[in-house]
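One structure below.
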Amino acid sequence: MINKVVDNIEKALDGVEGNMTFMVGGFGLSGIPENAIDALSKKDIFGLTCISNNAGVDDFGLGLLLKRKQIKKMISSYVGENAEFERQMLSGELEVNLIPQGSLAERCRAGGAGIPAFFTPAGYGTEVAEGKEVREYNGKLHILESALTADFAFVKAWKGDTAGNLIFKGTARNFNPLMAMAGKITVAEVEELVEAGELDPNQIHTPGIFVQRIFQGEKYEKRIEQRTVRTKE
Amino acid sequence: MINKVVDNIEKALDGVEGNMTFMVGGFGLSGIPENAIDALSKKDIFGLTCISNNAGVDDFGLGLLLKRKQIKKMISSYVGENAEFERQMLSGELEVNLIPQGSLAERCRAGGAGIPAFFTPAGYGTEVAEGKEVREYNGKLHILESALTADFAFVKAWKGDTAGNLIFKGTARNFNPLMAMAGKITVAEVEELVEAGELDPNQIHTPGIFVQRIFQGEKYEKRIEQRTVRTKE
Amino acid sequence: MALDKNQIAQRIAQELKHNTYVNLGIGIPTLVANYIPRGIDIEFQSENGVLGMGPFPFEGEEDPDLINAGKQTITTLSGAVLFDSATSFAMIRGKHVQITVLGAMEVSENGDIANWKIPGKMVKGMGGAMDLVASADNIIVAMMHTNRQGESKILKKCTLPITGVNCVKKVVTNLAVLEITQNGFKLLERAPGVSVEDIKNSTAADLIIEGEIPEMKF
Amino acid sequence: MALDKNQIAQRIAQELKHNTYVNLGIGIPTLVANYIPRGIDIEFQSENGVLGMGPFPFEGEEDPDLINAGKQTITTLSGAVLFDSATSFAMIRGKHVQITVLGAMEVSENGDIANWKIPGKMVKGMGGAMDLVASADNIIVAMMHTNRQGESKILKKCTLPITGVNCVKKVVTNLAVLEITQNGFKLLERAPGVSVEDIKNSTAADLIIEGEIPEMKF
């Protein structure tokens, strides 16, 4: 068994530098690597390119890095819910590459799977297709999208074992397994770290081979963005 | 909940006809849809195209259909272990399209995922690449492979529920989840069929949306091809 | 009288067929789930990774690890399943999700839709909308007939950056049900008490009007 | 004396580095697992969908749902994980599996390998071999130096249909360890008691021989 455990967050982040490309898991604030983001937001690294479906909110998630202007470029699919983000984008301080959510997911998976490019119908005929190769399949026009990879991928799982195997919970899974595949160094943080052998090998979502470092996060706030409830009758 | 249960194997196979394209899950004899194959081998349907990693052995698995000459064309990656297959192929009775195993898996997934084509390095410079588009990515040559789909996909899982959700066991998973995605009609047979809600929604390998029909197989022989053991000291 | 948002949702619910998988967008589309007729089995997909979505949770039972694409806390029903974003869009792109209902800022007579960007003003991103409109065979738009300035959102040609081309099949607004045909918008139904003339006056695109146009039924 | 198959496997085991993921092909490569030195952590992947493969099961404990790519019954070790074939080849194509050891019928001096087909005679298919050789950065071939007819399998150019181009990095045979360099095969080591002359006589390709060639150490 190859042991992936690192003792602390500092060792987990060893080697991160300015101007690197990071992938950051999560959808909205659900399933984001809270501990890694927090630690990164305290480092003096700037000029980052971040690949993440969302950009957090003003005071949580990637919003923390945006506030300190650590991010030079965002590659995302949806970036509402963040006023500072909008300000930086409209003023031109922040470079933004918006891509369809499914293409983002598939491009991360492709990056991890050694598929350099693939055709998808998403975005054909729109701004997203500008400069991209177009080809017809089954009577429908498709565009060629390329793989995405990153120097570091930061992901968050529910449980993990010392071999780096990960299990996610609910919709907190989202982009995490795909980004785990695509990071040159993938750093996984988990709510509960167990010994190898304790997880059912049939029930692992991300095989440990995709994870280079794993640690148990100190605490998880798990903030809810849109609390919606119904009342009992 | 959309109920996918069919009462019996006849209803599961409703609509199968000669000259259709079938995907058949399994690797070697592990995880093959034994009940569907057995029933298909008793139907008078011929001229079939079968997409399956292997071709069974002489008297089990797809070998049963080969023996009755129901199959016109095999699309596979490895077809050893079947003398009748080799005879039909060398005599020209059987058309055979051999493709790399990883490309086969990815092409099935692509067929189910609405990705009509993708680049892969596998097979570049070999017979497999003949007539295929070549393109360089990251200093390495890749070939363009297209998606595969089928009129019917026959897959086999360990457990399934009435909503068509599937869980596989061990390496019997193999091609089954990918072919499930790519069948116009996907017929899943399971060792144990349970009510929707009994399986942990976090632990499902194939979401029921990919499955059109599900039934509990009558019996499973689960033949072992290469029994290898060590002796206790 | 023009429909309210709930009535638009209610009318769209009639379009959903038994045993289908449906993706509902943010806004009016989300309300559609409240109006599924009895006996019609539908499973709702949310593109962030859940199939078999149920109603909002009871107060105190919210799970931060269980949200929909609008980031709202949700529940799951029996037979639900959770998955990653690549699998989710495999369902969408692969046409396993059969119906998509989404909002729009503009729809054009050839079925183009614009709903993700107002240059210089608003850029939230397309999220999953571009994948959704490029994929499902049956795309229904739920929206108000006109914008806040009273301008028609039913156009000959979209003025905003588009989300997808030739994809919308039907539009249900507070005034009308429109089908997009090869020849443009065809008026199918009127909101109760709204006249064909009212609809024409609120519509920038040409309308194909054949025979008597019935009122919507609820 | 020329090595036997087990000794070839044993020599290859020395090539495996600590903390690496390795895919072993059918035949001699399978035997490599028996010779991993103590203190070297390796995880074995089998392309049909398992990582963390262990030894063969004890008699009576065989599980038909747990086999390797050679269809042999296997066991799994602590930390093992099972997955589908697309995920398996994502690991391979994506270079997460770092070392591949496989057999060959021919290897050429530019690193081409042929191991899947003898036209008109034998066609079993390439299985996962084409994906494997097109992917891993470190591909080691384990084979006998000559075929049953005594002909060299180390060639200037492959005569059989190839499995992959420019991919093999090292070849370990019953006679020698060869590295494939930009200029062709470089002789690194001799089997114990086998002379450079013996190796030259059994090799159809040119050999780069620099200085004294050491014997393999076990």
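Note on naming: letters A, B, ... go to the chains in the order of the sequence lines (proteins, then strands), and numbering restarts at 1 for each one.
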Can you tell me which portion of [X] sits under 4.5 Å from chain B's heavy atoms? Options are side chain, backbone, both or neither.
| X | answer |
| --- | --- |
| D:Lys117 | side chain |
| D:Asn166 | neither |
| D:Glu61 | side chain |

Next item on the list: Return the minimal non-hydrogen interatomic distance between B:Tyr78 and D:Lys71, and the atom names on each side.
Entry: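 Looking at all heavy atoms of both residues, the shortest contact is CD2-NZ, 3.5 Å.
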
Is chain D contacted by the side chain of [X], its backbone, both, or neither, given a heavy-atom distance below 4.5 Å?
| X | value |
| --- | --- |
| B:Asn54 | side chain |
| B:Ile99 | backbone |
| B:Glu191 | side chain |

Check: Does a side-chain heavy-atom distance below 4.5 Å link B:Thr120 with D:Phe89?
Finding: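 Counting from C-beta outward, B:Thr120 and D:Phe89 never come under 4.5 Å.
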
Note to self: If I take atom CZ from residue B:Phe27 and atom OG from residue D:Ser46, how far apart are they, to the nearest 0.5 angstrom?
What the structure shows: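 Rounded to the nearest 0.5 Å, the CZ-OG separation comes to 6.5 Å.
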
Quick check for you: among [options], which has the greatest number of heavy-atom pairs under 4.5 Å with chain D?
| options | value |
| --- | --- |
| B:Met89, B:Glu86, B:Arg227 | B:Arg227 |
| B:Val128, B:Asn82, B:Leu98, B:Val229 | B:Val229 |
| B:Ala105, B:Ala129, B:Gly31, B:Ser76 | B:Ala105 |
| B:Ala172, B:Gly28, B:Gly170, B:Pro177 | B:Gly170 |

Has [X] got more than 12 heavy atoms of other residues, nucleotides or ligands less than 6.0 Å from its [atom1]?
| X | atom1 | result |
| --- | --- | --- |
| D:Lys169 | NZ | yes |
| B:Lys72 | NZ | yes |
| B:Glu93 | CD | yes |
| B:Lys184 | NZ | yes |
| D:Lys157 | NZ | no |

With chain B, which of [options] has the greatest number of heavy-atom pairs at distances under 4.5 Å?
| options | answer |
| --- | --- |
| D:Ala90, D:Ala69, D:Ala114 | D:Ala69 |
| D:Gly70, D:Gly120, D:Ala80, D:Ser85 | D:Ser85 |
| D:Ile67, D:Thr76, D:Val165 | D:Ile67 |

Do the side chain of [X] and the main chain of [Y] share a donor and acceptor less than 3.5 angstrom apart?
| X | Y | value |
| --- | --- | --- |
| B:Thr171 | D:Gly49 | no |
| B:Thr126 | D:Gly164 | no |
| B:Ser30 | D:Asp65 | no |

Check: Does the distance from a Lys or Arg side-chain N to an Asp or Glu carboxylate O, for D:Asp63 and B:Lys169, drop under 4.0 Å?
Finding: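 Yes.
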
Less than 3.5 Å apart, which donor and acceptor atoms pair up between the side chains of residues 122-131 of chain D and the rest of the protein, not counting sequence neighbours?
unit_1	atom_1	unit_2	atom_2	d
D:Asp131	OD1	B:Gln101	N	3.2
D:Asp131	OD1	B:Gly102	N	2.9
D:Asp131	OD2	B:Gly102	N	3.3
D:Asp131	OD2	B:Ser103	N	3.2

